[in-house]
Amino acid sequence: MRELEKVYDPSKVEDKIYKLWTDGGYFEGVRDPAKKPFTIVIPPPNVTGRLHLGHAFDCTLQDILTRFKRMQGYAALWLPGTDHAGIATQIRVEESLRNEGLTRHDLGREKFLEQVWDWKNTYGSRIVDQLKKLGSSCDWSRERFTMDEGCSAAVREVFVSLYEKGLIYKGNRIINWCPACTTALSDTEVEHEERSSLLYHLKYPVKGSDEFLVVATTRPETMLGDTAVAVHPDDKRYKHLIGKSIVLPLMEREIPIIADDYVDMEFGTGCVKMTPCHDPNDFEVGLRHELEQILVIDESAKIINAGKYNGLDRFDARKAVLADLEELGLLSSAREHTNNVGTCYRCGTIVEPLTSEQWFVKMKPLAKEAVEVVDDGTVKFVPERFAKIYTHWMDTVRDWCISRQLWWGHRIPAWYCACGHTTVSRKDPDKCEKCGSPDIQRDEDVLDTWFSSALWPFSTLGWPEKTEDLDYFYPTDVLVTGYDIIFFWVARMIFSGMEHMKEAPFHTVFIHGIIRDSDGRKMSKSLGNGVDPLEAIAAYGADALRFNIVTGNSPGNDTRFYPERCEAMRNFANKIWNASRFVMMNLTIGHNELPEKLELEDKWILSKLNTLAGEVCENLDDFELGVAAAKIYDFIWDSYCDWYIELTKPRLQGAGGGQDSGGEDDGAIRAQKVLLYVLTETLTLLHPFMPFITEEIWQALPHGEDPDVSALMIRTYPAFTEALCFPEDEAGFESIMSAVRAVRARRAEMNVPPSRKPSLTIVTDKPDVFEAGRTYLGRLAYAGEVTIQRNAPCDLSGLVSVVTGDAQLFIPLAELVDVAKERERIEKEIGKAKADIERFEKKLSNEQFIAKAPESVVGAEREKLANLRALLGNLQFTLDNLHS
RNA sequence: GGAGGCUUAGCUCAGCUGGUUAGAGCGCUCGCCUCACACGCGAGAGGUCGAUGGUUCGAGUCCAUUAGUCUCCACCA
């Protein structure tokens with residue numbers, strides 16, 4: 001047993017404790033046929049990223065669940081790893097190249113990739129180290145990276161097998177293009193922002209007539225690529241024009257007027273210009289009507305195929321087109337209009353829809369099972385409402401564009417031959433599989449980063465190999481992540497698991513919100529309002545940060561981060577520290593066991609602890625982590641420190657609690673035993689939430705009953721047990737507590753200093769209950785001699801009375817009392833008691849209530865009424881005997 | 001245009017399947033350096049749980065309507 005310092009200093013403890021855990025190998029997930037596995041795979045952070053509060057939140061939740069299950073005897077595995085994060089990482093390396101005046105093209109693909117790998121190797125361990133600072137109990141021996149050999153093999157296998165099943169295809173379709181990242185994006189990677197813009201009305205002349213059709217658009221530059229004008233087939237205004245044609249202004253191209261249901265007659269003029277290459281709807285309409293496709297905006301957002309406008313940036317082209325139309329008198333009007341603008345989720349650039357040759361995953365067939373498995377409850381969302389969001393997305397999802405025009409990522413395993421055949425293969429081919437020509441070219445593109453993330457729950461366990469890990473740990477149990485990546489990641493993992501493993505990758509998706517700043521704003525680099533978790537750890541300790549993050553919020557909801565709350569949690573850590581210090585200072589025993597004989601207060605605290613253990617387990621099983629944490633907090637601070645420790649002080653000093661003294665069953669020894677037992681159990685309960693301080697203290701405590709257990713983190717988690725249920729004793733002790741509180745309140749009102757210790761006479765019809773608390777009752781109520789009797793003193797002169805439901809207490813402090821005020825106070829209390837009694841009487845005389853409410857509720861109400869009546873009697877008695 | 005969240009003490013938030021006298025942290029008031037802790041101890045003040053209606057013996061908790069607010073999804077040019 002070591003001496004502890006007066007103030008807990010996390011910085012001196014955390015690294016040492018973390019090392020103790022890793023040295024002990026306690027984080028390792030060990031396949032044990034005798035145990036049930038519990039598996040969590042980490043949402044892999046970007047390999048070059050830095051830890052932010054979002055990670056801290058996410059990982060704290062996972063760590064709590066993992067530690068809890070591990071301590072409950074599961075073969076727990078929390079599998080860590082990092083993500084190559086294609087676009088994000090490539091952008092960053094390109095940025096650093098730009099500082100040297102270079103682009104990736106100057107280096108060439110191979111050299112550039114070398115640089116990215118260097119970058120990855122330099123920064124890849126940073127985020128991992130930061131996760132360790134948090135106390136994450138990940139199995140680092142199984143750490144993975146989405147581009148390591150195994151994950152790459154999984155990606156290759158999945159791509160090829162989906163291709164063979166016809167679920168991956170290449171096609172020329174309209175996709176979202178980011179001109180800044182110069183790559184295609186999937187629908188999920190486009191963020192929609194509402195912006196106000198101008199809606200222009202353009203006049204298109206009808207060929208061979210002096211009529212005009214007026215079309216509305218927010219993007220006039222796309223008119224350069226118009227290949228039709230559409231009206232509704234039933235629109236009487238335009239019926240006569242269907243089949244005729246328009247002479248497209250500026251381009252002088254003849255384009256047809258077509259009829260399509262897509263057009264809303266009510267909106268605008270009822271005429272819609274069709275730009276199949278640059279609008280998803282127009283693209284669809286174009287397919288139906290076999291319209292010509294003219295690409296007028298290229299990959300860098302410059303105009304092409306449009307004569308004099310060629311080479312202009314899309315926004316400059318807009319101005320030019322408008323000016324020219326104006327001059328021709330073909331610009332009829334413009335008005336304010338709010339519409340949604342798609343932007344790139346990585347760089348914020350406005351996305352350009354354009355047609356392009358890309359690879360896609362056919363989603364409909366994959367979505368079917370992925371929806372079923374959530375609908376039938378095989379996969380549960382916590383909170384449930386996110387299941388609806390998920391299934392709605394799955395039901396309406398469109399094909400997933402998976403090719404990216406990047407270099408950093410999994411290169412698409414497709415080879416093209418001049419004969420027109422595409423070879424897609426598990427092994428790099430050296431010739432065309434159809435014509436045998438060795439002159440084949442590999443596809444230049446890589447896959448969407450999320451394509452590899454989708455395989456994470458099984459690729460990390462060794463798939464496509466049949467590994468023992470995969471066999472034992474798959475499917476995983478809980479997936480913990482924020483609601484912002486349900487579509488990006490969770491949805492894709494579910495259909496991937498169903499397709500490739502024939503089994504959902506996890507049974508529970510535990511969704512949390514995001515952490516905002518103290519003003520409720522999203523934390524972002526541009527606002528500079530981000531809180532660095534490492535700074536918080538340095539200032540308050542990892543335990544305080546963790547506790548702050550998990551308390552005071554509920555699943556799925558956003559939460560605000562207040563540094564002051566960290567301070568409160570640091571104080572809590574310090575409280576535990578000092579309570580432990582107190583216990584150790586008073587300890588003469590060398591092992592942890594409960595005494596044979598228990599005092600009333602012992603039974604009270606043990607009973608409370610037992611209830612706590614049961615509730616915490618329940619809460620954790622239900623993912624109510626914040627609730628569980630708050631209960632432990634209250635127990636430690638209120639029940640254990642403020643009450644129980646205070647109660648033991650006289651006992652520890654040999655002032656009683658037992659008649660006998662010396663020997664094994666000495667009162668002081670028994671107090672020590674209970675103190676140590678409750679502390680140890682409490683530390684164990686708290687450990688998943690505050691792993692460092694609890695482990696540090698536990699290492700310093702004697703724990704003879706755990707000879708085989710070398711660390712708290714692998715000790716068995718407490719559970720509810722019938723053996724430690726003492727409801728009557730618990731209630732009895734609560735009577736004493738309310739008496740103590742009542743005396744303290746009266747003394748505070750009268751400004752009696754703690755040094756003044758008048759005698760105390762307790763009048764009660766439960767003398768045995770109070771007798772059990774006699775020794776320390778005096779201490780907590782600052783009393784001198786304590787007398788317990790059934791009848792009120794004959795002479796009440798000089799006495800002040802304090803009343804509870806169970807007792808009347810008399811203190812000789814009358815000279816401090818202002819009788820008039822006292823009378824007023826008592827009368828007020830009598831009034832309140834009478835009102836309460838009336839309320840309960842009314843309730844209890846309601847036959848419906850008696851008949852329909854459960855017996856336990858009725859019984860409780862009856863008891864409350866009885867208590868109130870006793871209280872009223874006592875108050876009345878006091879008032880009657882108040883000497884003036 | 002759909003879907004959902006939030007609205008509870010001055011501030012930020014808990015309150016699980018309806019059953020106390022509605023809780024916590026911070027802040028505030030009063031009194032305490034009481035031999036674990038001033039990162040502390042004791043005692044307080046402060047809320048008709050957004051509004052209206054309903055279900056129920058009983059509603060902050062369930063249902064409907066409504067207001068404010070935030071978010072997600074959506075092809076109306």
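What you see below is based on every heavy atom in this structure, not just the backbone, and it leaves out hydrogens, waters and symmetry mates. Order of the sequence lines sets the chain letters (A, B, ...), proteins ahead of strands, with each chain counted from 1.
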Q: Going 5' to 3' through nucleotides 72-77 of chain B, assign each nucleotide B (protein heavy atom under 4.0 Å from a base atom), S (under 4.0 Å only from sugar-phosphate atoms) or - (no protein heavy atom that close).
A: -SBBBB
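- Under 4.0 Å is where a charged nitrogen must lie from a carboxylate oxygen, and between A:Asp634 and A:Lys631 no such pair does.
- At a threshold of 4.0 angstrom between heavy atoms, the contacts of A:Gly552 are confined to the sugar-phosphate backbone, with no base atom among them.
- Within 4.0 Å (heavy atoms only), A:Arg521 reaches no atom of the nucleic acid at all.
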**Q.** Base-contact (B) and sugar-phosphate-only (S) positions in nucleotides 34-42 of chain B, heavy-atom cut-off under 4.0 Å, - elsewhere
**A.** B-BB-BSSS
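- Distance check on atom C1': B:rC6 versus B:rA45 gives 29 Å, rounded to whole Å.
- Comparing the P positions of B:rA14 and B:rC62 gives an interatomic distance of 15 Å, to the nearest angstrom.
- Using atom P as the reference point in both B:rC11 and B:rG47, the two lie 13 Å apart (nearest Å).
- Among the heavy atoms of the strands, none lies under 4.0 Å from A:Glu564.
- Side-chain atoms of A:Ser196 and A:Glu336 include a donor-acceptor pair closer than 3.5 Å.
- A donor-acceptor contact under 3.5 angstrom links the side chains of A:Tyr204 and A:Asp226, judged on distance only.
- The aromatic rings of A:Tyr8 and A:Trp577 sit tilted, their planes meeting at an angle between 30° and 60°.
- Across the P atoms, B:rU71 and B:rG10 are found 26 Å apart, a figure rounded to whole Å.
- Two residues, A:Asp634 and A:Asn557, neighbour RNA chain B, and the one matched to the more 5' nucleotide by heavy-atom proximity is A:Asn557.
- For A:Asp519 and B:rC70, the CG to C1' distance is 15 Å, given to the nearest whole Å.
- Between the side chains of A:Thr551 and A:Arg565, at least one donor N or O sits under 3.5 Å from an acceptor N or O.
- Nearest nucleotide to the side chain of A:Lys388, out of B:rG5, B:rA14, B:rA3: B:rA3.
- No side-chain N or O of A:Asp279 forms a donor-acceptor pair with one of A:Thr222 less than 3.5 Å apart.
- Between A:Phe267 and A:His337, the angle of the ring planes goes over 60°, which puts this pair in the perpendicular group of the 30/60° scheme.
- Residue contacts for A:Tyr540: at a heavy-atom cut-off of 4.0 Å it reaches no nucleic acid atom on any strand shown.
- Salt-bridge check for A:Arg398 with A:Asp187: passed, with a basic side-chain N closer than 4.0 Å to an acidic carboxylate O.
- For the residue pair A:Thr275/A:Lys273, the side-chain donor-acceptor check at 3.5 Å is satisfied.
- With P as the reference atom, B:rC41 and B:rA24 are 14 Å apart, rounded to whole Å.
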